[in-house]
**Student:** 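One structure follows; several queries about it will come next.
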Amino acid sequence: MRKIIKIAIIASVVSAACTVTAQESAETNDNHATSSFVKRQVAQNMSIGRAVKSIASNYPQETSSVVSTALDMYPDKYQEIIHAAISAQPMLTEDIVKIALEKEIASCTAIVKTAINAEPSYVDFVVTAAANSTPEELNEIVRVAVITEPDSADFIVQSLAQQHPNKIVDILGSAIGAVPLVGEYVVEALLAVFPNDAESVVSTAVRESGAQRDNVKRIIETAQNFGLDEKNIYKYAKEGGATDEEITAALREVSGQ
């Protein structure tokens, strides 16, 4: 009986090993096939960007593997590869960004900037993928994203804050620090999703906009238009460094409209 059990165990181990070996062999063959395919396309199209775009456009299901292979083969052409792949398959933006980050072929911020430029309308997918892959670079991701696509600052901040709610102050501060004019828009976006964090949102926004007094005024007006109580607005704005005169003037202007 023991012999039978022993033989069964050995057979099971051998079978598992054979399965793993077969899988690894299949993956190796797939990689070789993809690599050869990319090389042929490059020879025909003259550039890796055109090759990737052609393959991704005609074989969307192969986009991820082609991007991975292309980045391994031509790491110095990462901008061209990322831009081409996202332009061809924008719905795969998040996957493409993750692959590029895993390859470590460039800094996180360089990859974020390249991806946003390729498809600005998918900026929220770009920043969330980057922040989830490299959370330690969250502030830099916000800064570069807002500078690259300031018109989408509200979406950038809102998306990242929802993914990292304990980092609202850092996200807001980085956004306004990068492009002060977006203050009122990002405040409105955050208040819509985090009304219970109104104090930290308003006070942080006012503080970060300190060098631009007109922006401070607009942030106070935004808070009032959102429906916050004037007493609380006064308190939050004061915490951020606004003067009595600024707060009173902003509140009066909104009330008089």
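Counting from 1, the numbers follow the sequence of the chain as shown.
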**Student:** Quick one: are Tyr122 and Ile86 in side-chain contact, heavy atoms under 4.5 Å?
**Tutor:**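 SC-SC contact between Tyr122 and Ile86 ruled out.
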**Student:** Give the C-alpha distance, both sets of side-chain angles, the deciding distance and a yes or no for side-chain contact (heavy atoms from CB on, under 4.5 Å) between Asp154 and Glu188.
**Tutor:** CA-CA 8 Å; Asp154 49 349; Glu188 185 176 15; over 6 Å; no
**Student:** Is there side-chain contact between Ile111 and Ile105, with at least one heavy-atom pair below 4.5 Å?
**Tutor:**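 Yes - at least one pair of side-chain heavy atoms lies under 4.5 Å apart.
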**Student:** Any donor and acceptor pair, going by atom type alone, linking the side chain of Thr248 with main-chain N or O of Glu245 inside 3.5 Å?
**Tutor:**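 Checking the backbone N and O of Glu245 against the side chain of Thr248, no donor-acceptor pair under 3.5 Å is found.
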**Student:** As an exercise, state the distance from CZ of Arg213 to CD of Glu246, rounded to the nearest 0.5 Å.
**Tutor:**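 Going from the CZ atom of Arg213 to the CD atom of Glu246 covers 4.0 Å.
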**Student:** Would the distance check show the side chain of Thr93 and the main-chain N or O of Pro90 forming a donor-acceptor pair, the cut-off being under 3.5 Å?
**Tutor:**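 Yes, the answer is positive, given that a donor and an acceptor are paired below the 3.5 Å cut-off.
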**Student:** Is there a continuous path of hydrophobic side-chain contacts, each under 4.5 Å between heavy atoms, that joins Met73 to Val67?
**Tutor:**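 Linked within one cluster.
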**Student:** Of all the heavy-atom pairs spanning Ala237 and Val206, show the shortest one and how long it is.
**Tutor:**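 Taking every non-hydrogen atom into account, O-CG1, 3.8 Å.
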**Student:** Between Thr148 and Asn117, is a side-chain contact (heavy atoms from CB on, under 4.5 Å) present by the stated rule, with each step listed?
**Tutor:** CA-CA 7 Å; Thr148 306; Asn117 284 330; 3.4 Å; yes
**Student:** Decide whether Glu136 and Thr134 meet the rule of one side-chain donor and one side-chain acceptor closer than 3.5 Å.
**Tutor:**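 Checked: Glu136/Thr134 side chains show no N/O donor-acceptor pair below 3.5 Å.
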**Student:** CG/Leu191 to CG/Asn225 distance, rounded to the nearest 0.5 angstrom?
**Tutor:**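 Output value for this atom pair is 11.0 Å.
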**Student:** How far apart are the closest heavy atoms of Leu101 and Ser133, and which atoms are they?
**Tutor:**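 Of all heavy-atom pairs spanning Leu101 and Ser133, the closest is CD1-CB, 3.7 Å.
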**Student:** With Lys235 as reference, evaluate Lys238, Lys231, Glu239 under the side chain to side chain contact (heavy atoms under 4.5 Å, CB included) test and give the passing residue.
**Tutor:**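 It is Glu239; the other options fail the test.
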**Student:** Taking Ser209's backbone N and O only, do any of them form a donor-acceptor pair with Gln212's side chain (distance below 3.5 Å, no angle check)?
**Tutor:**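 Side chain of Gln212 to backbone of Ser209, a donor-acceptor pair under 3.5 Å: no, none is there.
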**Student:** Hey, quick one: are Leu92 and Val97 part of the same hydrophobic cluster, counting side-chain heavy atoms closer than 4.5 Å, chains of contacts allowed?
**Tutor:**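 Linked within one cluster.
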**Student:** May I ask you to decide if Ala56's main-chain N or O and Gln89's side chain share a donor-acceptor pair within less than 3.5 Å?
**Tutor:**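 It does hold such a pair.
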**Student:** Can you tell me how far NZ of Lys217 sits from CD1 of Ile219, rounded to the nearest 0.5 angstrom?
**Tutor:**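 NZ of Lys217 is found 12.0 Å from CD1 of Ile219.
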**Student:** Transitively linked via ILVMFWY side-chain contacts under 4.5 Å: Val179 with Ile116?
**Tutor:**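 Shared cluster, yes.
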**Student:** I need the Gln158 CD to Ile168 CD1 distance, nearest 0.5 Å.
**Tutor:**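 Going from CD on Gln158 over to CD1 on Ile168, the span is 11.0 Å.
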**Student:** What's the spacing between Ser87 OG and Ile82 CD1 if we round to 0.5 Å?
**Tutor:**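 Atom-to-atom, Ser87:OG and Ile82:CD1 are 11.0 Å apart.
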**Student:** To the nearest 0.5 Å, what is the distance between OG1 (Thr128) and CD1 (Ile141)?
**Tutor:**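 The CD1 atom of Ile141 is 9.5 Å from OG1 of Thr128, to the nearest 0.5 Å.
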**Student:** Check whether any side-chain N or O of Thr222 sits under 3.5 Å from a backbone N or O of Arg218 as a donor-acceptor pair, and report yes or no.
**Tutor:**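 Side chain of Thr222 to backbone of Arg218, a donor-acceptor pair under 3.5 Å: yes, one is there.
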**Student:** Taking Arg143 first and then Glu140, would you say they form a salt bridge - that is, a charged N and a carboxylate O separated by under 4.0 Å?
**Tutor:**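 Salt bridge flag = yes for Glu140 with Arg143.
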**Student:** Closer than 4.0 angstrom, basic N to acidic O: yes or no for Glu102 and Lys98?
**Tutor:**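 So Glu102 does not pair with Lys98 through a salt bridge.
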